[in-house]
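Reading through the structure tokens given below for one structure.
Any value given below was found using the heavy atoms of this structure, including those in side chains, with hydrogens, waters and symmetry copies removed.
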Amino acid sequence: MTDEEWELIADLVAPYWRPGRMGRPVEVDRRRIVDAIFYVAATGCQWRALPDCYPNWNTVHRYHLTWSRDGTWERIAARLAEAVRANEGRDAEPSAGIVDARSVRSAATVPNDTKGFDAGKKIKGRKTFGVVDTLGLLVAVTVVAASVSDNTGGIAVTDRARDRSRRFAKIWCDGGFKRTFIEHCRSHHVGVEVVHKIHKTGFEPLPKRWIVERTWSWLMNNRRLQVDYERDPIVTEGFIWAAHSRYLLRRLTEPAPT
């Protein structure tokens with residue numbers, strides 16, 4: 001990270017220890033920890049294969065587990081997304097979003113009770129449900145077994161999106177989300193619009209839905225997300241938020257192309 005990028009998130013990963021307080025002084029630079037996690041997310045390397053220029057792999061791994069489970073990565077991404085929306089002249093909290101699911105193959109390290117078989121896509125692994133705003137920024141994400149239906153996963157991730165934004169009132173989805181999902185959303189005063197294919201054959205960008213597909217393509221540039229290796233689905237969610245944060249940091253600090 002550049003100094004400008006680090007200043008945007010430094011306080012969210014600040015050391016728990018402070019001068020004058022009891023406990024062991026911090027020995028590892030948190031900035032290097034974040035850089036190392038970004039490296040693993042981008043390259044897809046094993047933790048033990050982390051280059052020597054970064055802190056010990058076990059330390060980095062432990063911090064990633066902690067930040068995934070206590071919501072640190074999600075808070076980082078939320079702050080950066082609010083900054084991007086402010087730069088675009090939008091309200092900090094989105095009022096509408098697009099929901100979609102993506103299945104990925106799981107490695108042998110993934111326990112059987114947290115993975116399943118997606119009969120539609122013929123993939124054995126996990127399924128990620130995500131809600132993005134109309135700019136393509138992640139609002140909520142949840143990782144479940146690939147056998148979980150779109151209705152069940154869609155309800156779970158939409159409820160998370162409603163918790164993130166009090167203004168959330170409209171959502172677009174594809175035909176895989178059925179009556180149960182639609183009725184649940186409407187019971188919580190969230191309007192649902194199903195976007196169907198325009199043509200039966202050939203490729204055609206679908207209104208609104210192309211936004212979430214673009215976000216998936218951004219995220220899948222990070223090789224760690226192309227196969228799920230994590231024993232705990234929450235740690236996979238942490239990698240997704242970390243990868244999204246890395247993209248947002250660059251969007252906030254790099255000059256816009258002319």
Side-chain angles (χ1 to χ4, degrees), residues 1 5-6 8-16 28-50 54-82 100-107 109-111 113-115 125-132 137-146 148 153 156-157 159-161 163-164 215-216 218-250:
M1 289 181 293
E5 291 174 338
W6 174 242
L8 293 173
I9 65 171
D11 60 308
L12 295 179
V13 293
Y16 305 114
V28 182
D29 184 3
R30 295 295 176 89
R31 179 172 177 175
R32 301 300 296 154
I33 295 289
V34 175
D35 280 336
I37 295 172
F38 284 166
Y39 180 88
V40 174
T43 64
C45 75
Q46 298 174 340
W47 288 108
R48 294 177 184 270
L50 200 62
Y54 294 111
N56 181 270
W57 72 268
N58 196 27
T59 301
V60 177
H61 180 235
R62 178 162 43 85
Y63 271 106
H64 180 63
L65 294 181
T66 301
W67 291 346
S68 298
R69 291 166 178 165
D70 67 9
T72 297
W73 279 124
E74 188 171 355
R75 288 191 292 272
I76 290 173
R79 172 188 287 185
L80 298 175
E82 289 178 4
D100 195 25
R102 188 177 191 89
S103 296
V104 297
R105 180 173 57 86
S106 62
T109 53
V110 176
D113 60 343
T114 64
K115 64 182 177 182
R126 285 181 176 150
K127 185 183 292 185
T128 300
F129 288 87
V131 174
V132 303
L137 311 181
L138 273 179
V139 179
V141 66
T142 184
V143 176
V144 295
V148 172
V157 76
D159 286 345
R160 289 192 180 186
D163 292 338
R164 282 278 307 277
T215 301
W216 289 136
W218 286 341
L219 292 172
M220 289 304 129
N221 284 331
N222 294 270
R223 294 187 176 183
R224 187 75 182 196
L225 301 182
Q226 295 177 7
V227 177
D228 197 329
Y229 298 94
E230 312 308 321
R231 293 181 174 86
D232 187 349
I234 294 178
V235 180
T236 302
E237 294 177 13
F239 265 123
I240 294 172
W241 288 118
H244 192 55
S245 299
R246 181 169 172 262
Y247 159 75
L248 294 175
L249 284 170
R250 293 186 175 182

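- Between the CG atom of Asn58 and the CG atom of Leu50 there is a distance of 11.0 Å, given to the nearest 0.5 Å.
- Side-chain contact between Thr236 and Val104 is absent, with no heavy atoms from C-beta onward closer than 4.5 Å.
- For the pair Trp6 and Arg30, the minimum side-chain heavy-atom distance is below 4.5 Å.
- Results of the side-chain contact (heavy atoms from CB on, under 4.5 Å) test with Trp73 over Val235, Val34, Val13 single out Val34 as the only residue that passes.
- Checked against side chain to side chain contact (heavy atoms under 4.5 Å, CB included), Ala42 has the following partners two or more places apart in sequence or in another chain: Asn222, Arg246.
- The only member of Val60, Ile33, Asn56 that meets side-chain contact (heavy atoms from CB on, under 4.5 Å) when paired with Val28 is Ile33.
- With sequence neighbours left out, Arg69 forms a side-chain hydrogen bond (donor to acceptor under 3.5 Å, both in side chains) with Asp232.
- Once rounded to the nearest 0.5 Å, the distance linking CD of Glu82 with CG of Leu248 reads 11.5 Å.
- By the salt bridge (Lys or Arg N to Asp or Glu O under 4.0 Å) test, Asp29 is found to be paired with no residue, residues two or more places apart in sequence or in another chain being considered.
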Go through the steps for Arg223 and Thr43 under the test side chain to side chain contact (heavy atoms under 4.5 Å, CB included), then give the verdict. CA-CA 5 Å; Arg223 294 187 176 183; Thr43 64; 5.8 Å; no
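- Residues Leu80 and Glu5 form no side-chain contact, since every pair of their non-hydrogen atoms from C-beta on lies 4.5 Å or further apart.
- No side-chain heavy atom of Trp241 sits less than 4.5 Å from a side-chain heavy atom of Ile76.
- Scored by the ring-ring contact (aromatic ring centres under 6.0 Å, His included) test, Tyr229 finds no partners at all (sequence neighbours excluded).
- With sequence neighbours left out, the side-chain hydrogen bond (donor to acceptor under 3.5 Å, both in side chains) criterion links Arg62 to no other residue.
- Considering Thr128, Val131, Val157 as possible partners of Thr142, the one that fulfils the side-chain contact (heavy atoms from CB on, under 4.5 Å) test is Val157.
- For the salt bridge (Lys or Arg N to Asp or Glu O under 4.0 Å) test, residues two or more places apart in sequence or in another chain that qualify with Glu237 are Arg160.
- Listed here is the closest heavy atom pair of Arg231 and Pro233: O-CD, 3.8 Å.
- Residues that satisfy the salt bridge (Lys or Arg N to Asp or Glu O under 4.0 Å) test with Arg102, not counting sequence neighbours, are absent from this structure.
- Listed by chain and number, the residues in a side chain to side chain contact (heavy atoms under 4.5 Å, CB included) with Ala78 are Arg164 (sequence neighbours excluded).
- Legend: residues meeting ring-ring contact (aromatic ring centres under 6.0 Å, His included) with Trp47, ordered by chain and number and at least two apart, are His61, His64, Phe239.
- Residue Thr215 holds its OG1 atom at 7.0 Å from CG of Leu137, rounded to the nearest 0.5 Å.
- Side-chain N or O atoms of Arg224 include one that pairs as donor or acceptor with a backbone N or O of Cys45 at under 3.5 Å.
- Looking at every heavy atom in both residues, Ser68 comes nearest to Ile234 through O-CG2, 3.5 Å.
- Scanning all heavy atoms of the two residues, the minimum distance from Gly125 to Ser106 falls at CA-OG, 3.3 Å.
- Checked by atom type and distance alone, the side chain of Lys127 pairs as donor or acceptor with a backbone atom of Val148 at under 3.5 Å.
- A side-chain donor-acceptor contact under 3.5 Å links Arg126 to the backbone of Thr114.
- Arg79 is linked by a side chain to side chain contact (heavy atoms under 4.5 Å, CB included) to Asp11, Leu12, counting only residues two or more places apart in sequence or in another chain.
- Applying the side chain to side chain contact (heavy atoms under 4.5 Å, CB included) criterion to Asp35, with sequence neighbours excluded, gives Met1, Arg31, Arg32, Tyr54.
- Checked against side-chain hydrogen bond (donor to acceptor under 3.5 Å, both in side chains), Tyr39 has no partners two or more places apart in sequence or in another chain.
- For Leu219 against Leu225, the heavy-atom pair with the smallest separation is O-CD1, 3.5 Å.
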